[in-house]
2 protein chains.
Amino acid sequence: MTQTHSLESVSERILHVAVEVFAEYGFRDATVREICSRANVNLASVNYYFRSKESLYAQVLIFSFQEANRLHPQNALLEKNLTPEQRLNLFIKNFLNKLMDDSRLGLHSKLIAKEISDPTNALETLLEIAIKPQMKLLQDIIQPIIGEQTDKHFIHRCLLSIYGQCLMFKHSRSVINRLYPELIENESAIDACAEHIAQFSIAAITQLAQQITPIKS
Amino acid sequence: MTQTHSLESVSERILHVAVEVFAEYGFRDATVREICSRANVNLASVNYYFRSKESLYAQVLIFSFQEANRLHPQNALLEKNLTPEQRLNLFIKNFLNKLMDDSRLGLHSKLIAKEISDPTNALETLLEIAIKPQMKLLQDIIQPIIGEQTDKHFIHRCLLSIYGQCLMFKHSRSVINRLYPELIENESAIDACAEHIAQFSIAAITQLAQQITPIKS
DNA sequence: AATTAATTAAAACAACTGTTTAATACAATC
DNA sequence: GATTGTATTAAACAGTTGTTTTAATTAATT
């Protein structure tokens, strides 16, 4: 009997299915049996092709990151003729949409969110390939809004303020679903939230930056 | 041989230890054996006194909430002669300190955070006894800052903005630890972060509320 | 003191986990 | 065509989990 499943190889099928399962359950609660069952593959295949569940997970994180970069390129942010405010708006809208994307490949965000709030050994790698670069990007975006402010702590806290507002929709989604379901009922509602976060942050940053570094004339 | 352990009864010891263990591992990764071992109690005791692990967990959440209310009363917020800004400042500082408190009884925050980002059947109860009241309190605090603004969605998004900034320090602590450890190295650093969140939010809210509801004269 | 009920204890149960084994089938190479 | 290396399979292994059982012990009641 030949493979009736697909054109993919066994290891490819495992990798693709593993992204889904790890995103759904997290590393600890995901089971090798579930992965193999969904991939229509023998139980021993994970250990045969990937040595261990942990090693598979590490490869899944990297693969998923590359996929996300391929599908959600952020080159729109590189355009020179955008104001800093427009760029921040785009960044947040893009980020929030990725975070809330259930159907398609919002799986990458899910993987990362699970890893952050319940870290495994793979966190170190994840920081380097995914989180640090995105932090750097956001910092480059808000730097012109802040101005020539040099207080690093202030900049870092602003980064966390923006990130926190976005991640709230990921980590506390269960709560939002119960208390304010209208806010996330569809894509336009989510876009409205993104807009809110952007305006909220811009208003805060401009005013605080003024306070700390009073206008020199 | 009499009980050399303590004055507490067996079920009390289980309850107290269970708070620690569930806060440390979350419901799924906590084990009955670990709880019984730490409580110096026979393995069967959990099922004898609490029927099941799940039922114990539900009771732990309620007990922990009552303890937190007893130890961290928020009556300072009820004082009439505080400005709204001062009250928000107090609220955030109090909240953030609870979230970051590792040693003493920041266990309650840990329990809630774990439950929110990885919900079990107990989420419903938790919403009613802990989350909704705190949301209501925060709303009452920022309402005078917003003014007679009636757009409910705007108010709700502001609530989420503030909460998101605070919870960031809980859910993404692993990341902050690696990227910006100075921000949370001690209590005064954390207080500085609380101050930042308060100022950031007040600046944003006052300005946005003005924009939406222009000054009528 | 005898009987009853509540508590503690050790062991086993049944289900699940990641991993390994040993046997088979397949393909390519000499 | 026999041999070699690769791929797949079913089964078993060894460990952990929540829960139950059955017996021993303690406390309370009559």
Side-chain angles (χ1 to χ4, degrees), chain A residues 1-61 111 114-115 118-123, chain B residues 1-61 111 114-115 118-123:
Chain A
M1 192 204 280
T2 60
Q3 294 182 16
T4 62
H5 317 96
S6 67
L7 302 163
E8 297 174 313
S9 72
V10 171
S11 61
E12 281 172 339
R13 251 182 301 154
I14 291 178
L15 196 63
H16 291 155
V17 166
V19 172
E20 297 175 20
V21 177
F22 281 130
E24 189 166 342
Y25 295 102
F27 173 70
R28 279 170 253 269
D29 290 340
T31 71
V32 175
R33 277 172 176 80
E34 174 74 14
I35 293 170
C36 292
S37 166
R38 287 201 203 177
N40 271 101
V41 154
N42 186 270
L43 172 61
S45 304
V46 161
N47 295 83
Y48 183 78
Y49 285 102
F50 297 91
R51 199 177 81 247
S52 70
K53 178 190 179 186
E54 189 173 351
S55 165
L56 168 62
Y57 178 65
Q59 292 195 44
V60 159
L61 279 183
L111 272 174
K114 289 243 195 274
E115 175 64 28
D118 197 10
T120 70
N121 291 331
L123 177 63
Chain B
M1 193 203 283
T2 60
Q3 294 181 17
T4 61
H5 317 97
S6 68
L7 302 162
E8 298 173 312
S9 73
V10 172
S11 61
E12 281 172 338
R13 251 183 300 155
I14 291 178
L15 196 62
H16 292 154
V17 166
V19 172
E20 297 174 20
V21 177
F22 281 131
E24 189 166 342
Y25 296 102
F27 173 70
R28 280 170 252 268
D29 290 340
T31 71
V32 176
R33 278 171 176 79
E34 174 75 13
I35 293 170
C36 292
S37 166
R38 286 201 203 176
N40 271 100
V41 154
N42 186 269
L43 172 60
S45 304
V46 160
N47 295 83
Y48 182 78
Y49 284 102
F50 296 92
R51 201 177 79 247
S52 69
K53 177 190 179 185
E54 188 173 353
S55 166
L56 168 63
Y57 178 65
Q59 293 195 43
V60 159
L61 279 183
L111 272 174
K114 289 241 195 274
E115 175 65 27
D118 197 8
T120 71
N121 292 330
L123 177 63

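Letters A, B, ... mirror the listed sequences (proteins, then strands); counts begin at 1.
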Pairwise side-chain contact, A:N42 with A:C36, heavy-atom cut-off 4.5 Å (strictly under)
no
Consider only side-chain N and O atoms of A:E115 and A:Y57, and report whether a donor and an acceptor are under 3.5 Å apart.
yes
Take atom CD1 of B:I14 and atom P of D:dG18, then tell me their distance rounded to the nearest Å.
13 Å
Supply the atom-to-atom distance A:H16 NE2 to A:R38 CZ, rounded to the nearest 0.5 angstrom.
15.0 Å
Does anything in residues 30-38 of chain A reach DNA chain D, meaning a heavy atom under 4.0 Å, and if so which residues?
A:R33
Contact between A:E24 and A:V21 at the side-chain level, heavy atoms closer than 4.5 Å - yes or no?
no
I want to check something: taking the side chain as every heavy atom from C-beta on, are B:E54 and B:F27 in contact at a cut-off of under 4.5 Å?
yes
A:Y25 OH - C:dG18 P separation (whole Å)
12 Å
Find which nucleotide of DNA chain C each of A:D29 and A:N42 is nearest to by heavy atoms, and output the residue with the more 5' nucleotide.
A:D29
Would you indicate whether the side-chain heavy atoms of A:I35 and A:F22 approach each other to under 4.5 Å?
yes
Where along residues 43-55 of chain B does a heavy atom come under 4.0 Å from DNA chain C, residue by residue in number order?
B:A44, B:Y48, B:Y49
Integer-rounded Å distance: C:dA10 C1' and B:N40 CG:
16 Å
Sub-4.5 Å side-chain heavy-atom contact between A:Y48 and A:V10:
no
In whole Å, I'd like the distance from the CZ atom of B:R28 to the P atom of C:dT17.
14 Å
Taking C-beta and beyond as the side chain, do A:V41 and A:V46 meet within less than 4.5 Å on heavy atoms?
no
